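Order of the sequence lines fixes the chain letters, A, B, ..., with proteins taken first and strands second; residue numbering starts at 1 for each chain. Worth saying up front: this structure is predicted, and the values here are computed from it rather than measured.
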Amino acid sequence: MASSTPPAHCTLTATKPYHNHHLQHPHNRHRHHPTSSHHHQSWRPPQVSLHNQASHAAACPGAPPPAVARPAFPCLSDFSGCRSTRSVSKMHFGRPRSTTNRYSAAAEEALQLVLSRGCEVSNIDNILVDFQPKLRASDDYTFLLRELGNRGDWVNAMRCFQFAITHEKRRNEKGKLASSMISTLGRLGKADLAKHVFDVAVNEGYGNTVYAYSALISAYAKSGYCDEAIGVFRSMKGSGLKPNLVTYNALIDACGKGGADYKKASEIFNDMLKNGVLPDRITYNSLLAVCSGAGLWEVAKSLFDEMVHRQIDQDIYTYNTLLDAASSGGHVDVAFEIMAKMAAKSIFPNEVTYSTMIRGCAKVGKMDRALNLFNEMKLAGIKLDRVSYNTLLAIYASLGRFDEAFAVGKEMESMGIKKDVVTYNALLDGFGKQGMYDKVKELFAEMKHGNLYPNLLTYSALISGYCKGGLYKEATEAYTEFKRQGLKADVVFYSNLIDALCKKGLVESCALLLDEMMSDGIQPNVVTYNSIINAFGQSGNVDCVEAQVESSNLLTYTDGKMAVKEDDRIIEVFKQLACGKPGNVKHEQRARKDFRCVLGVFRKMHQMEIKPNVVTFSAILNACSRCNSFEEASLLLEELRLFDNQVYGVAHGLLMGHNEHTWSQALSLFDEVKRMGSSTASAFYNALTDMLWHFGQKRGAQLVVLEGKRREVWENTWTQSCLDLHLMSSGAARAMVHTWLLNIRSTLYEGHELPKLLSILTGWGKHSKVVGDGALKRAIEALLVSIGAPFEVAKCNIGRFISTGAVVAAWLRESGTLKVLVLQDDRSFSHSTSTRFDLLPNLQPLPLL
DNA sequence: CTAGGGTTAG
């Protein structure tokens with residue numbers, strides 16, 4: 001039964017959440033207001049590359065094959081970094097264009113006039129009429145509309161464009177104006193309007209140029225509409241135009257934005273080579289960006305090497321993008337190495353470099369390192385900019401260190417950078433996560449008072465925060481306001497909300513929301529489903545799971561076209577929750593339902609072609625731990641083997657205490673997991689060990705934990721004097737305690753002294769997501785008591801158990817100690833993993849002193 | 001035509 005081949009799509013390998021991402025129009029996601037500080041970013045001097053590009057063309061005649069073999073395609077078979085849904089539209093206002101002053105003084109004067117007179121449309125018309133005799137050809141007008149665009153004022157830019165077009169007779173000049181307008185709109189995230197300008201231009205006979213097509217492709221790229229960009233590219237070829245380097249670069253860029261599709265990017269790259277267009281530095285930088293977004297660190301690395309081989313200069317963009325690929329892919333150490341080598345190539349880290357690295361550190365939980373980088377940055381004389389400040393503030397806010405977060409806010413303002421929506425969103429999210437709702441309300445009011453417009457993310461943080469705290473009335477109010485603003489929910493909004501409700505055990509409400517989102521045209525993604533599966537794997541808080549989950553739409557929903565869309569279902573759900581629902585189900589009944597539901601949800605994912613990933617796997621393993629019995633857990637895994645025999649075969653095999661074959665499969669699975677970020681990997685190891693421990697497979701648990709340690713899944717867990725368990729689940733931590741003590745015992749056996757002080761850290765409060773959750777500490781305390789280990793809670797740190805080397809040594813020498821330390825399986829099997837003694841610490845009897 | 005920031009599962 002378990003030997004069938006898994007369906008092709010159904011591997012453990014991660015899918016990108018944005019695979020089903022509902023793309024929104026950028027102006028919905030980013031509500032920019034004319035007063036928003038985004039429009040007033042400081043102007044930066046143009047970046048000048050010292051490298052000579054012409055030399056490459058000379059060095060690379062024809063289209064040489066890649067000097068370095070890149071992984072064959074499709075090489076998307078790992079998990080790394082694929083959980084990033086990095087933003088689709090990043091608008092960089094105020095970034096200078098490389099204008100070479102082709103405009104006249106009159107144009108400059110007109111611009112100042114327009115700017116000084118404000119945004120009234122009639123103003124610009126009058127000014128343009130006044131200046132018309134003095135303004136020359138397309139150059140002056142393109143200058144004007146670009147400058148207006150740089151200030152976010154697309155309305156006046158359009159006005160200016162329209163005026164210029166009607167006063168220009170030459171087709172060529174009209175074409176230039178159109179391309180300019182399209183690219184300006186593109187940079188402002190107005191892809192639809194850009195398309196409109198393009199269509200008009202083509203219809204009127206001046207838009208059929210490589211420039212206009214390239215500009216439109218770029219506009220789509222900026223908004224993350226990769227498929228649309230490719231469509232434009234095709235129609236361009238169809239109308240007989242030859243794409244040039246810029247066209248190709250823009251198209252590759254598009255692949256990096258709308259979900260980082262390296263396969264597409266690579267196809268475009270090949271097409272480019274085939275058509276004799278030589279890639280340049282920007283081509284490679286864009287390819288690197290695709291890798292970074294797609295989590296393809298290995299590919300990024302070979303592209304980087306390929307640049308060297310092709311003698312294409314590397315610049316600060318190259319390095320920053322490479323660093324991003326490394327650090328967001330979990331290779332922070334590698335990123336640091338690369339960063340250290342930059343100066344030798346005369347490419348000096350800038351604020352982008354630092355904020356990239358800082359974010360990379362923060363992402364993998366290395367907060368100390370992240371904070372250190374800020375100091376380093378200041379020492380290097382690099383000024384923190386808006387992004388750096390917001391990043392720093394967000395780190396503190398996410399850690400619940402609000403005093404420090406506010407201090408950063410103060411410093412930022414003292415540097416003349418006002419708090420923006422991003423700043424407030426970070427604070428709101430932080431306070432919401434800590435359940436400090438008064439602060440949330442206060443900040444939300446303050447934000448509005450400061451004329452900042454809450455956006456989708458603001459409301460998302462508010463609403464899910466309130467839901468987590470059971471403040472459904474507040475959630476309803478926030479949601480109503482959200483709708484009133486004309487904002488539209490997206491998949492992340494829903495996933496976040498669903499997760500919040502799942503965490504409260506309200507699975508049935510989640511089912512309703514799932515319906516709602518789909519009837520709204522938003523496809524759930526793997527994150528959405530993982531949240532739901534996680535709900536089944538959680539121990540506490542499941543106080544209201546309804547009996548009829550099985551019959552709910554959670555499992556029976558079949559397609560996206562739900563009947564009529566009544567009023568808002570979300571409000572309905574909140575209302576029901578607000579008045580409190582009946583229906584606590586008896587414990588056993590619930591558990592049995594859960595077990596079936598997990599399968600049901602998994603099948604649903606399969607049916608909807610949403611690829612499960614490691615997080616799904618971890619969630620399922622956690623759900624296994626919540627199963628009523630060993631039999632249920634093994635049945636669940638057995639069933640899941642039909643979908644993915646490798647992954648679930650390993651879990652099943654380990655649970656059953658199977659033999660060497662299972663173990664070798666497990667090892668290759670571990671290898672695969674290792675290629676993901678450490679937090680993903682540790683979650684996996686935690687879940688797996690927990691399940692094994694829970695069902696009494698303690699030796700198996702120990703082996704897994706040892707593998708995890710060997711692969712450095714949990715950072716610096718283990719020295720002679722200190723065992724740090726703060727990143728571990730309770731099962732993993734307990735298996736680790738045994739193993740560590742046995743290891744210390746071997747040290748003793750070998751005749752070494754123990755350190756003076758021994759400590760075990762459980763990270764109470766400090767590292768938990770919610771301050772004060774001491775579950776791990778309690779589990780470890782109970783374990784230490786039960787095995788009679790002579791540790792006690794440290795006075796200064798209640799999450800730390802300490803003892804002296806001498807006391808522990810004496811205890812280890814006691815005759816009964818070895819027996820309690822050596823893990824025994826609760827169940828005996830014929831082919832047990834216990835054959836793998838070689839991996840375990842030395843179990844020789846200790847010589848008496 | 002190229003680089004960093006705010007949200008989701010573990």
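A:N285 contributes a side-chain N or O that forms a donor-acceptor pair with the base of B:dT2 under 3.5 Å. With hydrogens and angles ignored, no donor-acceptor pair closer than 3.5 Å exists between the side chain of A:S286 and the base of B:dT2. For A:D315 against B:dA3, a side-chain-to-base donor-acceptor contact under 3.5 Å is absent. Under 3.5 Å, the side chain of A:D420 and the base of B:dG5 form at least one donor-acceptor pair of N or O atoms. Taking 3.5 Å as the limit, the base of B:dG4 and the side chain of A:S388 contain a donor-acceptor pair of atoms between them. Residue side chain A:D385 reaches the base of B:dG4 through a donor-acceptor N/O pair under 3.5 Å, judged by distance alone. The base of B:dA3 sits within donor-acceptor range of the side chain of A:N350, with an N or O pair under 3.5 Å. For a distance-only test at 3.5 Å, the side chain of A:S355 qualifies as a donor-acceptor partner of the base of B:dG4.
In the set B:dG6, B:dT8, B:dG4, B:dT8 carries the atom at the smallest distance from any side-chain atom of A:N496. Listed nucleotides: B:dG5, B:dG6, B:dT8. Nearest to the side chain of A:L457: B:dG6. Among B:dG5, B:dG6, B:dA9, the nucleotide with an atom closest to any side-chain atom of A:V615 is B:dA9. In the set B:dT2, B:dA3, B:dG5, the nucleotide with an atom closest to the side chain of A:V422 is B:dG5. For A:N249, the side-chain atoms get nearest to B:dC1 when compared with the rest of B:dG6, B:dC1, B:dT7. Relative to the side chain of A:V527, the nucleotides B:dC1, B:dA3, B:dA9 differ in distance, and B:dA9 lies closest.
Straight-line distance from the NZ atom of A:K488 to the P atom of B:dT7: 21 Å, rounded to whole Å. Taking atom NZ on A:K611 and atom C1' on B:dA9, their separation rounds to 17 Å, with Å as the unit. In this structure, A:L487 places its CG atom 14 Å from C1' of B:dT7, rounding to the nearest Å. Rounded to an integer number of Å, the gap from CD1 of A:I610 to C1' of B:dA9 is 13 Å. In this structure, A:L288 atom CG and B:dG4 atom C1' are separated by 15 Å, rounded to whole Å. Summarising the geometry, the separation between CG on A:D324 and P on B:dA3 is reported as 10 Å, rounded to the nearest angstrom. For the pair A:N320 CG and B:dT2 P, the computed distance is 15 Å after rounding to whole Å. The interatomic distance linking A:L322 (CG) with B:dT2 (C1') rounds to 14 Å, in whole Å.
In this view, A:S531 and A:D499 satisfy the side-chain hydrogen bond (donor to acceptor under 3.5 Å, both in side chains) rule, not counting sequence neighbours. For the side chain to side chain contact (heavy atoms under 4.5 Å, CB included) test, residues two or more places apart in sequence or in another chain that qualify with A:S464 are A:S460, A:N496, A:A500.
A cation-pi arrangement, defined by a distance under 6.0 Å to the six-membered ring centre and an angle within 45 degrees of its axis, is present between A:R369 and A:F336.
Phosphate contact (OP1/OP2 of B:dG5, side-chain N/O of A:R359, threshold under 4.0 Å): present. Put simply, A:K257 has a side-chain N or O that comes within less than 4.0 Å of OP1 or OP2 on B:dA3. At least one side-chain nitrogen or oxygen of A:K222 sits closer than 4.0 Å to the OP1 or OP2 atom of B:dT2.
Taking the six-membered ring where the residue is Trp, A:F402 and A:F431 present parallel rings, their angle staying beneath 30° rather than reaching 60°.
Checked options A:Y213, A:Y220, A:Y248; the residue passing with A:F233 is A:Y248 (criterion: ring pair (Phe, Tyr, Trp, His ring centres under 6.0 Å)). For the side-chain contact (heavy atoms from CB on, under 4.5 Å) criterion with A:Y354, the lone passing option out of A:L323, A:I382, A:L384 is A:I382.
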